[in-house]
Amino acid sequence: MVADVLAIPGPELADRLAQLGGPEAARPREAASTGGDFPDLVGAVPGKVVLRLAPFPSGALHIGHGRMLFINQHYREQYRGKIYLVFDDTIGSEEKRVETEFFGLIEEDLASAGVRPDAVYYKSDRIPNFYPWARRVIDKGGAYVCTCPAELLRENRAHGVACAHRTQTHDETVEEWERMLANAYGPGEAVLRLRTNLADPDPAFRDRVLLRISDIDHPRVGTKYRIWPMLEFSWAVDDIELGITHVIRGKDLVIEDRMQRYIWDLLGITGPPFLHWGILRVREAKVAKSKAYREVKSGQFDGWADPRTWSLRSLDRRGISMEALRAFILSFGMSLSDIEVPAETLYSENRKRIDATTVRRAFVADPVRVEVEAFPDGLETVVLANHPERAELGTRRVPTGPEFFLARRDLEGKGGTEVRLKDLINIELPSTVPAPGQPLRARFTSRENKRIPRLQWVGAQGALPVDILGIEGEHTAGLGEATLAEAKPRDILQFERVGFVRVEQNWVPGTSPLRVAFGHP
RNA sequence: GCUCCUGUAGUCUAGUCCGGUCAAGGAUUCCGCGCCUUCGACGCGGUAACGCGGGUUCGAAUCCCGCCGGGAGCACCA
């Protein structure tokens, strides 16, 4: 009974208690949580839960990995459990190679996401462990050594046809397995296969490979090992050896559950339960990881923090906090449907967190120089609020006219009309646009706050060049207000009417514009 | 093709296990209005969903059957 009560999630418990206590309340239905649903972990004992993160080290963590991170972290917190980082750096394949630089990169990404593993393991350190386990499977009659070429193996599998090796006796298998270990075979010449059922309705499940031979040079252990486990087998072993209590992973790995269970059943082991989440795609994140890898390697992308990678570090670069990402991701719960979400939802989550604390600054893209005639005296500078609602964010003093820069787009279709330079004065624009390169001559009209189109402006005095890195990797050049000279790297600012940006690099007068990365509107 | 997973508004999600309290809640988007010297924020209002067809039942988003749609796996990758 007590256990039953403990199993009720906090909010629900409060709700139930409220119901018990307030028979007359009859208030509107309790607002559903904004987040998604996370089922309780079966058999989980608070304080005893052990989870694992198993990235393959072939790149920086991207937004999709975020789901792995934050879901596991969520459960870890709920049950006061542990998380191990287990690098899934088995040998991979020619196309999928382990690279040393990514171990550190991934650990950094985890740290930035606030996920501190209780331990770090490398699969490549654990290779000899797998051999006795393979032998146990063999001794249970659950595996055989197959020397069919990969193609034939695949074809037989598709048709449910057994090859000659399948009928191997236990002694023969042992002998062949010993020969594999003794380097009698080259890469691709022999594999240890699980003996399942060739009539299994799922063709993917028929006699899958457990271990195979590879001579690829591993960045951590070189060519020390030739017999490498496949992912499923390695986890059938390590989920037990590392004492993992719950395996929570993407649903692309469901067949691996079945493999692991099959092996455990064979050996009489009760393994941990599995939980899955569905595929998450962010609509704007179109670049596949493999393409991102190539573009980063070739220098087409600006490293792993290039916005086009949608890596965690690229989000950070853009001023999108890991807290916002976490809230965004947890809002989907453990749904198994495959979903595609617009980035706007993430932006909204981030906006909630930074809007109230972010100072406003002026920036104009594609600037047009405007000279204001009859510019009033005594208005050489003006004091502006750093935030329209938050007085506590203070003010700043910026130089004004009589020369200004306005955004070309803002001027379109406004010839001959009166417009307001936001927070400052009203001017009348000339009806004809002068030749390119020539300044526009406008005329001061009044200072009263009229309800006419308001334009963002930058006073020519002290204006400095700004370069915005966009999310497609494009650059937008423009001019920013003088106070941006003090902007420091990692500052988050809002360019009014443009969006939130994060400063990348100080302005270096005469040599380099102020570099910022665009976050979101 | 086979296997598995999955279908609630434009997009996510709660509710489905244990049918009524759901004329379906929340978030986001979009539209309108208000407000502030932002195209942002905030406030108010609005549009908008149980994939389809049968069945069971007094009553179905919820149970049963059939159909249709979406996704993933079918590597000696992870």
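Note on naming: letters A, B, ... go to the chains in the order of the sequence lines (proteins, then strands), and numbering restarts at 1 for each one. As a basis for the values below, the full set of heavy atoms in this structure was taken, side chains included, without hydrogen atoms, waters or symmetry mates.
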Identify whether any heavy atom of [X] sits under 4.0 Å from a base atom; if not, whether one sits that close to sugar-phosphate; answer base, sugar-phosphate or nothing.
| X | value |
| --- | --- |
| Thr90(A) | sugar-phosphate |
| Arg497(A) | base |
| Pro55(A) | nothing |
| Pro342(A) | sugar-phosphate |
| Glu344(A) | sugar-phosphate |
| Asp88(A) | sugar-phosphate |
| Asn426(A) | nothing |
| Lys352(A) | sugar-phosphate |
| Pro203(A) | base |
| Leu336(A) | sugar-phosphate |
| Val209(A) | sugar-phosphate |
| Leu384(A) | nothing |
| Gly188(A) | base |
| Ser335(A) | sugar-phosphate |

Would you say [X] reaches [N]'s phosphate, i.e. side-chain N/O to OP1/OP2 under 4.0 Å?
| X | N | result |
| --- | --- | --- |
| Ser331(A) | rU13(B) | no |
| Arg212(A) | rA78(B) | yes |
| Arg258(A) | rC4(B) | no |

Under 4.0 Å between a Lys/Arg side-chain N and an Asp/Glu carboxylate O for [X] and [Y]?
| X | Y | result |
| --- | --- | --- |
| Asp125(A) | Arg220(A) | yes |
| Glu496(A) | Arg360(A) | no |
| Asp89(A) | Lys123(A) | no |
| Asp491(A) | Arg361(A) | no |

Distance under 6.0 Å and angle within 45° of the ring axis: does [X] meet both against [Y]?
| X | Y | value |
| --- | --- | --- |
| Arg52(A) | Trp235(A) | yes |
| Arg249(A) | Phe274(A) | no |
| Arg126(A) | Tyr121(A) | yes |

Can you tell me how far [atom2] of [N] sits from [atom1] of [X], to the nearest Å?
| X | N | atom1 | atom2 | result |
| --- | --- | --- | --- | --- |
| Asp202(A) | rA75(B) | CG | C1' | 14 Å |
| Arg390(A) | rU38(B) | CZ | C1' | 16 Å |
| Gln494(A) | rC36(B) | CD | P | 19 Å |
| Asp410(A) | rU38(B) | CG | C1' | 11 Å |
| Asn386(A) | rU37(B) | CG | C1' | 15 Å |
| Asp200(A) | rG73(B) | CG | P | 18 Å |
| Tyr347(A) | rC12(B) | OH | C1' | 16 Å |

With a 3.5 angstrom cut-off on both distances, give the Watson-Crick or G-U wobble partner of [N], or none if there isn't one.
| N | answer |
| --- | --- |
| rU16(B) | none |
| rG7(B) | rC68(B) |
| rC22(B) | none |
| rG43(B) | rC33(B) |
| rG1(B) | rC74(B) |

Is there a donor on the side chain of [X] or the base of [N] sitting less than 3.5 Å from an acceptor on the other?
| X | N | answer |
| --- | --- | --- |
| Glu389(A) | rG40(B) | yes |
| Glu256(A) | rA78(B) | yes |
| Arg360(A) | rU38(B) | yes |

Just compare [options] and give me whichever is closest to any side-chain atom of [X].
| X | options | value |
| --- | --- | --- |
| Glu95(A) | rU11(B), rU3(B), rA75(B) | rA75(B) |
| Asp37(A) | rA14(B), rA41(B), rU38(B) | rA14(B) |
| Ala150(A) | rA78(B), rU38(B), rC76(B) | rC76(B) |
| Arg454(A) | rU37(B), rA14(B), rG40(B) | rU37(B) |
| Lys422(A) | rU37(B), rA78(B), rA41(B) | rU37(B) |

Rounding to the closest angstrom, what is the interatomic distance between rU16(B) and rA61(B) at atom C1'?
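It works out to 7 Å between them.
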
What integer number of Å spans the P atoms of rG19(B) and rC58(B)?
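Pairwise P distance, rG19(B) against rC58(B), rounds to 15 Å.
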
Go nucleotide by nucleotide along RNA chain B from the 5' end; which of Lys251(A) and Arg351(A) gets its closest nucleotide reached first?
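Closer to the 5' end of RNA chain B: Lys251(A).
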
Comparing Asp338(A) and Val254(A) on RNA chain B - which has the more 5′ nearest nucleotide:
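The residue mapped nearer the 5' terminus is Val254(A).
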
Is the Phe495(A) ring parallel, tilted or perpendicular to the Phe363(A) ring (thresholds 30°, 60°)?
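Rings of Phe495(A) and Phe363(A): parallel, as their planes differ by under 30°.
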
